[in-house]
Amino acid sequence: MRLSQMLFVTLREDPAEAEIPSHKLLLRAGYIRRIGSGIYAYLPLMWRVLKKVSQIVREEMDATGAQECLLPQLQPADLWRESGRWDTYTQAEGIMFALTDRQQREVGLGPTHEEVITTIAKDMIRSYRQLPVHLYQIQTKFRDEIRPRFGLMRGREFIMKDGYSFHTSEESLKKTYQDMAQAYSNMLRRSGLEFRAVDADSGAIGGSGSQEFMVLAEAGEDEVLYTEDGQYAANVEKAVSMPADAQASPFASYEKRETPGTETIAKLCNFLKCSPTQVVKNVLYQAVYDNGMTVLVLVSIRGDQDVNQVKLLNELTKLAGNYQAKTILFLTVPDAEAQRKWAAKSLPLGYIAPDIADDYIAGNPPQPPLGKGGQQDSNPPLTKGGQGGVSPKFLRLVDRTAVDLTNFVTGSNESGYHVVGANWGKEFTLPAMVVGVRTAKKGDRAVHNPEQTLQTARGIEVGHIFQLGTKYSQAMGATYTSEQGEEMPFIMGCYGVGVSRLAQSAVEQSYDKDGIIWPVAIAPYHAIISIPNISDAQQVEVAEKLYNELNQSGIETLLDDRDERAGVKFKDADLIGIPYRIVPGRSVKLGKVEVVERATHKAQEILIEEVSSTLKQWIDAAIK
């Protein structure tokens, strides 16, 4: 392609809308243009990158026996109601574009396709003899992100590969799951990216085991925890670890103490001269289930630990049936406005004890004070009807880090006061529900080997694979006839790769002060010929000869034949990140051209007749 004939506009300054380097560079280099909030046009250079990424993905998927198809973007709400996800996606997470057509039918733009593919399997797969089956597609998806950010990283419209497999057994599913883990590793390796596969939370997709594939980059929105021995890696939402041992408490007896201005753990420990490992902090959450029921959740956890909200959400979702609900719409720390809707009196925030009385919830009768034994019903409260309202009791959970503490410090339910020397089974009743909801962090000991400590890195999630099990097939009545003649639900897996996100993550991982440094395998072109002086007939002649020769030999080459200064052309070549720049300058009189490697800026003069074979060798080595 001749640059003089291409839609090619570069910017010298960073666009105000861009926040991270890759977003700035893709805009500056003319790869993408913003059309609306979270909506981008893929311009010619970007489209070539996306086609190369898609082809790598397609080749690796086809190699596993998966079959490509194309599913509708517009999906009936009824399918999503069958699976129970319509409210989750349109209200709780709010990421689905939902609309009503002229026939008053509710439909949504697909952020994912589990419901559609399960319906197809339900209609077409009758017998175990047809299984396993693995279908995939590459197409545009939609997510109504409330705050689109970072260009293609978190857009409202994006290109994705999503695949779905159907099986008769867990063993068959696990084989495909492992095949996908290898295929995804191949995709990222072939794309020239540094990545890490990590254990992950399944989120709204559901299922049991899942794994994310993270491209390592400082601007990554996800935190990855891993061990140096390579035996463990997980997203921080999923990661588990062994916390530091708790220190012995300096308090030998129970008493209430005035502790003014100590509403934070740091201030409290400084005031009492104690370790945060000796404190039980009590964190209040507000969960709203899909039937409108609000449940107030009190989590008791060791003072040096933080609640992992994803783990807490998973625990509370398991209890949905207790409230005649299916899922949680919202989980938040209630602010002052939220508290006013249900609090009978002001909460002693920062000083809450594990036994805070249920009469803080409006509509509950006052309760007598607890005796020293702290006898209180700590079972999960049940409600009748489950149609809105507020559960009449606090749901009390205790994290494992707080269970074995003795003579600990905690709140007193009175502002400005704490108690010290407290114990479970004496002053406070241990909540019946013991959970693991702490956030693992850097420096924690690894579960698989306490001699290993967790390290941290930032990552960009570009792929995610799930073992769904029968979550969707059971909900939607999708069955096959087994060898024994029984109707059995399909066992399913699903596997996604963000094609457009992967492309931008490559830029985020590899750039310098001059611009993008594309991996050779997914660069829009392999080489660019920059003519320093288009008035020099010999330079133009050599450039034209090499342009034709390189393209004919399979080396995708741009020709910068614009009437611009050499410095402008060189800056543009660096900015757009083409792996090799060929400069037919003064050395053409000696039968040579200068070839510059973009990644290293290393330049060398090569005989004109050897340029094609030399570049071919370099490119083949780079994409193996």
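Nothing here was measured: the structure is a model prediction, and the numbers come from that model.
Using a 3.5 Å distance cut-off with no hydrogens or angles, the side chains of Asp179 and His134 do not pair a donor with an acceptor. Side-chain contact annotation: Asn548 with Glu544, donor-acceptor N/O pair under 3.5 Å absent.
Not one N or O on the side chain of Glu237 forms a donor-acceptor pair closer than 3.5 Å with the backbone of Val310. When atom types are taken as modelled, the side chain of Gln539 and the backbone of Ile531 share no donor-acceptor pair closer than 3.5 angstrom. Within the 3.5 Å criterion, the main-chain N or O of Leu193 finds no donor-acceptor partner in the side chain of Ser191. Put simply, the side chain of Arg33 gets close to the backbone of Leu27: a donor and an acceptor are under 3.5 Å apart. When atom types are taken as modelled, the side chain of Trp518 and the backbone of Tyr525 share no donor-acceptor pair closer than 3.5 angstrom. A donor-acceptor pair under 3.5 Å links the side-chain atoms of Gln139 to the main chain of Leu71, judged by distance alone. Side-chain atoms of Arg156 come within 3.5 Å of backbone atoms of Ser37 as a donor-acceptor pair (strictly under, hydrogens ignored). Between the side chain of Glu461 and the backbone N or O of Gly498, no donor-acceptor pair lies under 3.5 Å. Of the possible polar contacts, one joining the Ser500 side chain to the Ile159 backbone as a donor-acceptor pair under 3.5 Å is found. Although no hydrogens or angles enter the test, the distance criterion places no donor-acceptor pair under 3.5 Å between the side chain of Arg458 and the main chain of Ala219.
For Gln309, the side chain to side chain contact (heavy atoms under 4.5 Å, CB included) partners at least two apart in sequence or on another chain are Tyr285, Leu331. Arg581 meets the salt bridge (charged side-chain N to carboxylate O under 4.0 Å, His left out) test with Asp574; sequence neighbours excluded.
Contact detail for Tyr184 and Gly496: the closest heavy-atom pair is OH-N, 3.0 Å. Taking each heavy atom of Thr112 and Gln75 in turn, the nearest pair found is O-NE2, 3.1 Å. Between Ile460 and Ala217, the closest heavy-atom pair is CD1-CB, 3.8 Å. The shortest non-hydrogen separation linking Pro21 to Glu508 is CD-OE2, 3.4 Å. The shortest non-hydrogen separation linking Ile522 to Val53 is CG2-CG2, 3.8 Å. Between Pro532 and Ser530, the closest heavy-atom pair is CD-O, 3.2 Å.
Summarising the geometry, atom CD1 belonging to Ile582 is positioned 8.0 Å from atom CD1 belonging to Ile606; distances are rounded to the nearest 0.5 Å. Between the CD1 atom of Ile95 and the OG1 atom of Thr88 there is a distance of 10.0 Å, given to the nearest 0.5 Å. Expressed to the nearest 0.5 Å, how far CE of Met153 lies from CG of Leu502 amounts to 9.5 Å. From Tyr495, atom OH reaches atom OH of Tyr164 across 11.5 Å, with rounding to the nearest 0.5 Å. To the nearest 0.5 Å, atoms CG (Leu3) and CG (Leu558) are separated by 6.0 Å. A distance of 9.5 Å separates CD in Gln467 from CD in Gln211, rounded to the nearest 0.5 Å.
The pair Asp572-Arg12 counts as a salt bridge, with a side-chain nitrogen and a carboxylate oxygen less than 4.0 angstrom apart. Note on Arg190 versus Glu60: salt bridge recorded, some NZ/NE/NH1/NH2 to OD/OE distance being below 4.0 Å. Using a cutoff of 4.0 Å between basic side-chain nitrogens and carboxylate oxygens, Asp512 and Arg598 are scored as salt-bridged. We find that Glu212 and Lys238 are not joined by a salt bridge, their nearest charged nitrogen and carboxylate oxygen being 4.0 Å or further apart. No salt bridge links Glu610 with Lys592; every basic N to acidic carboxylate O contact stays at or beyond 4.0 Å.
The only option from Met160, Glu157, Gln73, Lys161 that meets the side-chain contact (heavy atoms from CB on, under 4.5 Å) definition with Lys141 turns out to be Met160.
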Take Asp306 and Lys441 through the test salt bridge (charged side-chain N to carboxylate O under 4.0 Å, His left out) and record every step on the way to the result.
CA-CA 10 Å; Asp306 294 314; Lys441 57 182 183 291; over 6 Å; no

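Surrounding CZ of Arg81 are more than 12 heavy atoms belonging to other residues, nucleotides or ligands, all under 6.0 Å away.
Between Phe142 and Asp144 the shortest side-chain heavy-atom distance does not fall below 4.5 Å.
Ring centroids of His464 and Phe466 are separated by less than 6.0 Å, placing the two rings close together.
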